Amino acid sequence: MNALEQRFGDPWDEQNPVGYRAIMAADELQTTPAAGERLLSEYGLGAEFVPTELGGRLDRLDRLVTVLRAVCRRDLALTLANASPFIAAVNVWTAGRTDQRHRVAELLLAGERVAALYHELAHGNDLMSADFVARPAADGRLLLTGRKEVIANVQRAAALIVFARTSDAPGQRSHSQLLLDKASTALDPAAYLPRFRTSGLRGVPLSGIDVRDFPVGADAVVGRVGAGLETVLRSFQLTRLVFAGSAIGALDAGLRTALRFARERRLYGRTALDLPMVRATLRDAFVDLLISDCLSTAATRAVHLLPSQVSAYSWATKLLVPKLLMDAMNRLSRILGAHFYIREGRYAIFGKHLRDLPPVVFGHASRAVCQLALLAELPRLARRAWASTVEPPAALFRQDAGLPPLDFTALSVSASGDALLAGLTTSGPPAVRPLLDRFVAESAALRADCLALGPRDVSMAASPAAFALTTRYATLLAASAALNMWRHSTDPFLHDPAWLEAALRRLGNGIGLDLPGPTGSTHERITTELIDRYDTRRGLDLAAAPIAG
Amino acid sequence: VPQTEPRAALPAVESARWLDEALGDPADPGTVLSYMRCAELERIGEFPTEICAELDRLGLPRHYVPVAYGGALAAYDEVFHLMRVLAGRDLTAAIAHGKTFLGAASVWVAGAPDQRVALAREILSGAPVSWGLTERDHGSDLLAGEVTAVATPDGYRIDGEKWLVNNATHGRFVCVLARTDPKGGPRGFSLLLADKHALDPDRFRCLPKVPTHGIRAADISGIAFDQATVPPGALVGPVGGGIEIVLKSFQLTRTAAGALSLGAADHAFGLTVDFLGDRVMYRRRLLDLPKVRADLGEAYGLLFAAETLGWYGCRAIHTQPEEMSVLSSVTKYLVPTFVDEILGRLGDLLGIRAYLADYADGRFARLERDHRIVGIFDGSTFVNQNLLINQFPALARGYRRGDPAAGAAVGLAAALAQPLPPADLGRLSLAARSCGLTSALASAVAEVGATSDAPTAVAALAAQLLVATDAVHEEMAGLSHSARAVPPEAFDLAHRYALCVAGAASLQVWLRNRSVPPFAGSTLWKDARWLRAALVSIVDRLPGRRLDRSTVYTELVDAVLVDAPDGRASLIPTRSAGAAR
């Protein structure tokens, strides 16, 4: 069991100060459990965001996902309240000067928070339109004016990263990022906006700032002036992957809670778990969790192995995984019936996860933004990358394989190759070969459709059919990830084609592929694995690592 | 351009209009039912007492009481539209007040004549009626109920606890399902109408309010009886008739519940269209982006499919009561499911504002939270699918047998402007022999093909629907399983069956009303725009490769914005009044 999981202890234990009962109690007070904040601080969560060369523990991005997944399994509000500094930090690692990097590392290692001020309500995810402005003053300093809204931790953070307009010209070179160290540049308390109350994530202190001609030194700029957006386009590739991959922990908890309920609930003279539809619903959610982790894991490992290709994988993961998670949670809620609606009692955590998941997964980038960004990449990938047959490296799928060091500068603003899609071939276990034939044909069809796209088809004014290409692409990537996970796994369950067949069918149905043959007769194998993992306290993701419960 | 004519002559629509106007402008904080007050009540979790009193003052309870007993309930589609208007302002208020309609249904279905008159009098004077069915450990499994009622010389002695009951605390009456035969079974339960004012206060207690994610202001609680005695006259229907009466009452309440979902959808559409019309991103108004329009249009397609099904279902209580075991489950399954999907889409379009408590009084998040209860109460999604599955053999036989006479009753139910015969609740049945909508589908499809004003696209969609319906019934006939081990495939089949029924309802409603005022000539009805979108949204959810038919959706949005610029669209032209203010 990993160290964090061990510290967290059994979530079902009603005496556990970081158990589900305590988490629900804190949620009622619109906060996060104090013991959870303390625990993460003692564990040194901040060090997980700091690269090893700066004294932290961040050497592998997939490890960070594993750590945060454990926090998500507990409480998504606790996660966002404590992991949002990663968003700020990555931008500094990607573009900051040495002194800025050391300062942010120092703060995070000391358990301080750094807030990420990108969002403005008037512009949402459209950063190019951000209005918050930094104007040069006569003395060489910069004067900040504007509002940043719905920002986590802004008040209690020791430093802020602010995304600001530094040129009035339209386009991609008009914004910069600024690092404000409160130790030297404290904000007037009146600059902070009142707390934004939200329906989900009630425990996260969300606020903002409103400043007028607030002076900061010119040395606050992170990286080059005008490179703010480009930095974001690189660094957010990582943050999207980390948050989407971590959120899988919420479905893990939801699935576990639904299974617990199905076992304990007696209906029509037996347990709910004996009802075939209940079993099927649990199993489908488990398969969706595995699919999510296949794509998430491959894309996250690609940051190390294929950094120049990550842009597309990151958008695709952010597009597909949150939807799989939400849909699965919604279906699972039918098992719990009225119990998912009740904020107290043994199963209450399910309703909290269900409520908190959408703002976590859509907050950072909405579906439309993901689709638009991905759509912009597809024509070039279709022209240049998809004709190649270079298969992905095995290490992309082998969780036990080593990874080259994380190189923030190797990321590319747009993807220049696509080994993951090339990994979608017809060579698989006999049981799924007819399915793979359809997927490979779909891949060819997708390429043809993307080649036919004109410049207008990849703008915000694109047709719904063009937008649909992004979902097809993300789905094919997930299919490839699942196929290759199966191929490279040595785990008896993961190397059995039962789950792969189910995964391919679920993916295919999601994009309307007309798949041949009857659904597999091996479904019970999947359900048995789910129940076994639950009973032996192992995670429901690919790693199946021991957990506290 | 605001439409002044034609004015609807439909009584159901007229009373909805009356309520809409009587309730005033919800955006005005001075109104009793204002958005601001609803937000505050939710925040502090306080029952909407004043709002319910206002609804009483306006005479809404009359509409829960059949005309025969002194009320104003002449047609069930009238209650449906009233509840939709109320839910369109605040779902919690609709659930809190409308509960009386649910609680009293069993008495209209099976009560003795004097019992009906007596309860009617109480409801008309403002007494809330609650329905005590579920228990802590048994959820939807009513046959496992442990509350008992034992006959005594004074009446019945009730023991045990009903839990998760809407208005158990605020309600004056509770219609309690209790075990009267220790062995239980389908004839082992009876219904007792307990008047809390007449009960010995030491013999019952109301249970604490249950904290819920949504409808936080509502009274979701329970009631525990400890040797509480009710008089012999409290018995509703025969001893042992409880389960049957409840199941028949569900046929009314499950159908009407669609109104709650539609109201939530109306509210969400209003908020979303308002936002999209104002919001500029990437230098374009969001509402003008093709993808946004298509997503919005698909949501409207689902809305019209849901509206048609719900409206038709309520009228069918009058015209085909024998079929309500099918229609009520189809409605209770599909309408909340569609509206959940609508809310998901609209939430995507609203983005972060969907979650902000301070944006538009937090209304979107609140209605989304509130709406999740609609899929649960009075039989969850699974329960209703199961009820359909149980009827598959009969429905498959009925479909094969055909029913040449079905067209007349279906036509009357679908002709929205036609007066309805009184509802004969004695004709409700636990097992339908067939479903008129599907029986009449083939002839409806032929009629569409022969109709000069039906666009060819509609004929093609209708034909596709018929093929799917044939296939579904074939699969239904071929399905064999034990009642205890219903396979997941059967649930999928129930889903597809429900889609086919909804498609058939849309087709019928269009055929019977397209040239009739107030529908004829409105932008939504022109070129069968709403029908095309409703059919596409249904056909796209049936198996098979999806085509890109997004222009159907974008054209629908064009029409919606003409007929209902505020986004609160309905098949009834210029329905919304208060909401538009």
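Residue numbers start from 1 in every chain, and the chains themselves are labelled A, B, ... in the order their sequence lines are given, proteins ahead of strands. Computed from a predicted model, the values in this text were never measured in an experiment.
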Problem set entry | Side-chain donor/acceptor of B:Asp141 to backbone N/O of A:Leu267, under 3.5 Å | no

Seminar exercise, completed: Turns out that what part of B:Ala485 lies under 4.5 Å from chain A's heavy atoms comes down to both

Exercise. By a 4.5 Å heavy-atom criterion (distance strictly below it), what part of A:Ala466 contacts chain B: side chain, backbone, both, or neither?
Worked result: neither

Seminar exercise, completed: Turns out that what part of A:Arg270 lies under 4.5 Å from chain B's heavy atoms comes down to side chain

Exercise. B:Asp548 versus chain A, heavy atoms under 4.5 Å apart: side chain, backbone, both or neither?
Worked result: side chain

Problem set entry | Considering all heavy atoms, the nearest B:Arg353-A:Ala122 contact | NH2-N, 4.1 Å

Seminar exercise, completed: Counting heavy-atom pairs under 4.5 Å with chain B, the top scorer among A:Asp126, A:Leu201, A:Thr198, A:Asn509 is A:Asp126

Problem set entry | B:Arg293 versus chain A, the contacting section by heavy-atom distance below 4.5 Å | neither

Exercise. Is atom CZ of A:Arg279 surrounded by more than 12 heavy atoms (other residues, nucleotides or ligands) closer than 6.0 Å?
Worked result: yes

Problem set entry | Which atoms of A:Ser459 approach chain B - backbone, side chain, both or neither, heavy atom under 4.5 Å | neither

Seminar exercise, completed: When the 4.5 angstrom heavy-atom criterion is applied to B:Arg284 and chain A, the contacting part is side chain

Problem set entry | Contact origin within A:Gln371 toward chain B - heavy atom pairs under 4.5 Å | side chain

For this session: Measure distances from B:Leu143 to the heavy atoms of chain A and classify the residue's part below 4.5 Å as side chain, backbone, both or neither.
Result: neither

For this session: Name the option with the most non-hydrogen atom pairs under 4.5 Å to chain A; the candidates are B:Leu164, B:Thr554, B:Ile373, B:Thr134.
Result: B:Ile373

Problem set entry | Interface residues of residues 338-346 of chain A facing chain B - non-hydrogen atoms under 4.5 Å apart | A:Ala338, A:His339, A:Phe340, A:Tyr341, A:Ile342, A:Arg343, A:Glu344

Exercise. Do you know which of B:Phe377, B:Trp163, B:Tyr359 has the most heavy-atom pairs under 4.5 Å to chain A?
Worked result: B:Trp163

For this session: Using heavy atoms and a sub-4.5 Å threshold, report which of residues 380-389 of chain B line up against chain A, by residue number.
Result: B:Thr381, B:Phe382, B:Val383

Problem set entry | Which residues share a side-chain contact (heavy atoms from CB on, under 4.5 Å) with A:Ala130, sequence neighbours left out | A:Glu120, A:Lys148, A:Phe163, A:His175

Exercise. Which one of A:Pro276, A:Ala368, A:Gly269 has the most heavy-atom pairs closer than 4.5 Å to chain B?
Worked result: A:Pro276

Problem set entry | Gap separating the CE atom of A:Met277 from the CD atom of B:Glu489, nearest 0.5 angstrom | 9.5 Å

Exercise. Looking at CG of A:Leu121 and CG of B:Asp358, how far apart are the two atoms once the value is rounded to the nearest 0.5 Å?
Worked result: 10.5 Å

Result block: side-chain N/O donor-acceptor pairs under 3.5 angstrom for residues 211-218 of chain B, not counting sequence neighbours:
residue  : atom : partner  : partner atom : Å
B:Thr212 : OG1  : B:Gly214 : O            : 2.7
B:Arg216 : NE   : B:His213 : O            : 3.3

Problem set entry | Heavy-atom proximity to chain B below 4.5 Å, by part of A:Arg202 | side chain

For this session: Kindly indicate, with the supporting measurements, whether the criterion salt bridge (charged side-chain N to carboxylate O under 4.0 Å, His left out) is fulfilled by A:Arg266 and B:Asp137.
Result: CA-CA 8 Å; A:Arg266 290 196 69 78; B:Asp137 294 325; over 6 Å; no

Exercise. Heavy-atom distance under 4.5 Å to chain B: side chain of A:Ala462, backbone, both or neither?
Worked result: backbone

Exercise. So B:Arg372 and A:Asn330, side chain to side chain contact (heavy atoms under 4.5 Å, CB included) or not? Walk me through it.
Worked result: CA-CA 10 Å; B:Arg372 284 182 180 272; A:Asn330 276 321; 2.9 Å; yes

Seminar exercise, completed: When the 4.5 angstrom heavy-atom criterion is applied to B:Ser140 and chain A, the contacting part is both

Problem set entry | Exercise: identify the closest heavy-atom pair between B:Arg136 and A:Arg265 | O-NH1, 3.2 Å

Seminar exercise, completed: Most contact-rich option vs chain B, by heavy-atom pairs under 4.5 angstrom, among A:Gly351, A:Gly200, A:Gly124, A:Ser129, is A:Gly351

Problem set entry | Closest contact, heavy atoms only, B:Pro290 versus A:Pro464 | O-CG, 3.9 Å

Seminar exercise, completed: Residue from A:Leu275, A:Leu354, A:Ile335 scoring the most non-hydrogen pairs under 4.5 Å with chain B is A:Leu354

Problem set entry | Separation between CG of B:Leu289 and CZ of A:Phe467, rounded to the nearest 0.5 Å | 7.5 Å

Seminar exercise, completed: Of all heavy-atom pairs linking A:Arg367 and B:Asp348, the shortest is CD-OD2, 2.8 Å

